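Notes to accompany the following structure.
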Amino acid sequence: MAILARSVSLAALALVAAPLVAVTIRAGGLSLNGPDLAALRFTVLQAGLSALVSVALAVPVAKALARRRFPGRSLLITLMGAPFLLPVIVAVIGLITVFGRSGWISAALAVAGLPGLSIYGLHGVVIAHVFLNLPLAVRMILQAWLSVPSERFRLAASLGFSPGDIARHIERPMLAGVLPGALATIFAICLTSFAVALTLGGGPRATTLELAIYQAIRFDFDLGHAAGLSLVQTGIGAIAALLAWRLAAPPGFGGGLDRPFSLPAPDGWRRGADVGWLLLTTLFLMLPLAALMLRGLPGLAELPPSVWGASLRSVLVALISTLVTVSAGLILALAVARRDARGMELAAVLPLAVSGLVLGTGLFLIARPFVAPAQLALPVTVLVNAVMALPFVYRLLIQDARALEADYGRLAASLDLRGLARLRFLTLPRLARPLGFAAGVAAALSMGDLGVIALFASGQEATLPLLVQQLMGAYRTEAAAAAALVLIGLSFGLFWIFDAGGRHVQAR
Amino acid sequence: MRGGAMFRLDNLVLEQEGFRLSADWQAEPGARIAVIGPSGAGKSSLLAAIAGFYAPASGRVWLEGQELTGMVPGERPLSILFQDQNLFPHLTVAQNLGLGIRPDLRLSAADQARVAAALERVGLEGFGARKPAQLSGGQASRAALARVLLRARPLLLLDEPFAALGPALKGEMLALLAEVAGETGATVLMVTHDPQDAEEFAGLTVLVAEGVAAAPVTTGKLLADPPPALAAYLGPKN
């Protein structure tokens, strides 16, 4: 067990380190005043704006959710967890359908004789990032709100605090604790987001570092340049990830947000404002998905046959990478739970600091002398998806693994329960629920990933997200929306199967 | 059925932050020893060290000429019952007992008959298919004792396993424990905070106080004329 855990942590470290070394060796061709600097500036600008807007909007929404009770509240909170699992490319299509030049809002503006919107460029990238990360920000802030002991609010009520007093003495200090972490987390996520920049960015004024890496490889075939950009990207990505890690408590995925509480719920204009925030947010999050449905459903009948091959490839990639990452995450979590093993913990969370595209670039550089990259497209995607999901899987497992060890570690040891028997009779039955959930998250993340595959694939190996992007690029929007519907169904389907399976098996 | 064994703590020293406990004594095979003393003195730590859950700073643990000190918990020829969590809640009572025979639960028909017999022996006939959550506190204790019977190890350690039971039930369990210990011939060390348990069950008592686990002495004598540390723990007599 100890040897197994050590090998897994070494493998995870090597999978992050080796591509970085390859990238460092090949790095070159950077220009500090040309397009590279523009890409760096745009990357930081869009990530900063996305983080600021997401968090600024999340505060009133979280406040409304924290102090109001209404039918559908817990459903709304659950839905707030969904965009994390939503394939980015799907979200993008939905947003284009609503906010694009020929989208719903532009159509409404045209009726009023006003010019239409465009969703391409900085504001499009920011809108997409807010759509994807607002729910995460709401959940982080809501958690902080609900973690204030209700006695604090009781005391405030007994002292006759007005809502303003409560904000000043209780809520603002609480927000000061949680907002930096939320900002840093979303900043780090947006810094390395590739699919949004690929579809909504581009051109000299809206190119991110990730997009520049992709273009350097796919269009210019300038590997030194790609490696240099990767190095810069890793540098700022690592700083942001470190900041997020230091400032933020791990975001909760479920539970704990629905317990009884006694937050004061003031009437008057505040009530109206809360209702308004919740309605606007729900609309903003639901409209693009509804639009996608309306757009995609008619196209389902005439999907290109390539969709089915791509679906099969995507599902296989997702299943294999899920198996790899959940096994690795479980082995590491159990080992860390048994003895405080700092090195193993590091191996489990290190991938947070790098982007999948950079890992892919490094692996591309390593493998190129030996094999044609297209042949490696799927294996590398499996590997990178597994590595990138490892931190999430580990975080989802570690608490229950610790509890398992604390509650039953000694009993199992005294009965000499170990190896496969321990796995079968103790670990799997007692960890089935978090394992199922983690597997669902890993599968959905892998299913929706559009990153490495775009670097490598030549067409024969396209996964479903890549196919959707190609259909979009060919202006076959109806087919793209229909394929996106298939993608969304498969992603959530896989998630649901794993999650429900774990809950079903979980021993009581 | 295996007999009890000569049990020996050879200059054993336990050390943790701000905590130190030494023990140097031995006990005859089949001895029943209560371990008593103020909370925080190290009663549970002593048992944990004997069971192999943490390594002593120095010294050795012997059982019938065999040194236990370097062995992992599962290999030590002993059974241990904790304050709680003695049964896995997701396994049936029969499976929990079966773990005492083979941890991989590949039980032969003869093994299963032994499980059934052990259940019957502790008064839990027909409870094999239940989950621990469907047992009362007393029944759960009986199931754990049934597993001790099946394992039949020469040394039995108990860390206040009946502390959560009411007085009548506890008396019942101590009686059953005495029978189980008698049938396996095991040497028994039982941590308790209740001097009455010591009087009822154990002929000998080890006092753990002031950094020392003293050699076992006759329980009646110890309680009749307690040394200052024990007197302070017991409080003024009515």
Side-chain angles (χ1 to χ4, degrees), chain A residues 1-6 330-331 333-341 397 399-439 498-508, chain B residues 44-45 47-55 68 71-107 130-134 140 143-144 146-148 150-153 155-159 161:
Chain A
M1 183 70 202
I3 296 171
L4 189 61
R6 218 161 296 145
L330 178 63
I331 289 168
L334 290 175
V336 171
R338 276 198 201 181
R339 51 197 170 298
D340 258 336
L397 292 178
Q399 260 180 337
D400 288 291
R402 286 215 164 99
L404 179 72
E405 183 61 25
D407 290 348
Y408 302 107
R410 284 188 168 192
L411 177 57
S414 77
L415 292 172
D416 207 19
L417 190 59
R418 57 185 167 173
L420 283 179
R422 184 177 170 126
L423 185 68
R424 180 170 160 209
F425 295 118
L426 180 59
T427 311
L428 290 184
R430 294 219 66 86
L431 294 186
R433 183 192 291 258
L435 277 172
F437 187 71
F498 278 116
D499 184 44
R503 267 183 291 170
H504 179 73
V505 172
Q506 174 82 27
R508 266 161 284 276
Chain B
S44 294
S45 303
L47 251 62
I50 295 170
F53 293 119
Y54 86 92
L68 307 189
M71 297 164 74
V72 300
E75 288 172 355
R76 299 192 180 208
L78 56 84
S79 289
I80 181 164
L81 292 190
F82 306 99
Q83 278 188 25
D84 48 17
Q85 314 271 37
N86 285 306
L87 302 173
F88 292 111
H90 56 282
L91 299 180
T92 64
V93 172
Q95 283 177 312
N96 268 291
L97 263 60
L99 289 175
I101 301 175
R102 285 193 64 147
D104 61 6
L105 285 184
R106 289 193 195 128
L107 301 183
R130 294 200 190 185
K131 292 278 178 74
Q134 296 166 284
R147 193 176 58 213
V148 169
L150 287 171
R151 280 166 63 84
R153 301 292 161 104
L155 179 63
L156 173 56
L157 308 174
L158 303 112
D159 191 357

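Scope of the values below: all heavy atoms of this structure, side chains included, with no hydrogens, waters or symmetry mates. Reminder, nothing fancy here: chain letters follow the sequence lines and each chain counts from 1. Bear in mind the structure is a predicted one, so any value in this text is a computation, not a measurement.
Looking only at heavy-atom pairs under 4.5 Å with chain A, the residue among B/Arg76, B/Arg147, B/Gln95, B/Glu75 that has the most is B/Arg147.
With sequence neighbours excluded, the residues forming a side chain to side chain contact (heavy atoms under 4.5 Å, CB included) with A/Pro434 are A/Leu397, A/Asp400, A/Leu431, A/Gln506, listed by chain and number. Residues satisfying the side chain to side chain contact (heavy atoms under 4.5 Å, CB included) criterion with B/Ala51, sequence neighbours excluded, are B/Phe53, B/Leu78, B/Ile80, B/Leu157. For B/Ala49, the side chain to side chain contact (heavy atoms under 4.5 Å, CB included) partners are B/Leu14, not counting sequence neighbours.
Looking at B/Pro89 and A/Arg430, their side chains come closer than 4.5 Å, going by heavy atoms from C-beta outward.
In this structure, A/Leu411 CG and B/Leu87 CG are separated by 7.5 Å, a value rounded to the nearest 0.5 Å. From B/Asn96, atom CG reaches atom CG of A/Leu415 across 8.5 Å, with rounding to the nearest 0.5 Å. The structure places CG of B/Asp84 at 8.5 Å from CG of A/Asp407, a figure rounded to the nearest 0.5 Å. Note: B/Arg153 CZ to A/Ser414 OG = 9.5 Å, rounded to the nearest 0.5 Å.
Between A/Tyr408 and B/His90, the ring planes are perpendicular. Angles over 60° get that label, and only those under 30° would be called parallel.
At a heavy-atom cut-off of under 4.5 Å, chain B is reached by A/Ala421, A/Phe425, A/Leu426 from residues 419-428 of chain A, listed in order of number.
Other residues, nucleotides and ligands contribute more than 12 heavy atoms inside 6.0 Å of the CD atom of B/Gln83.
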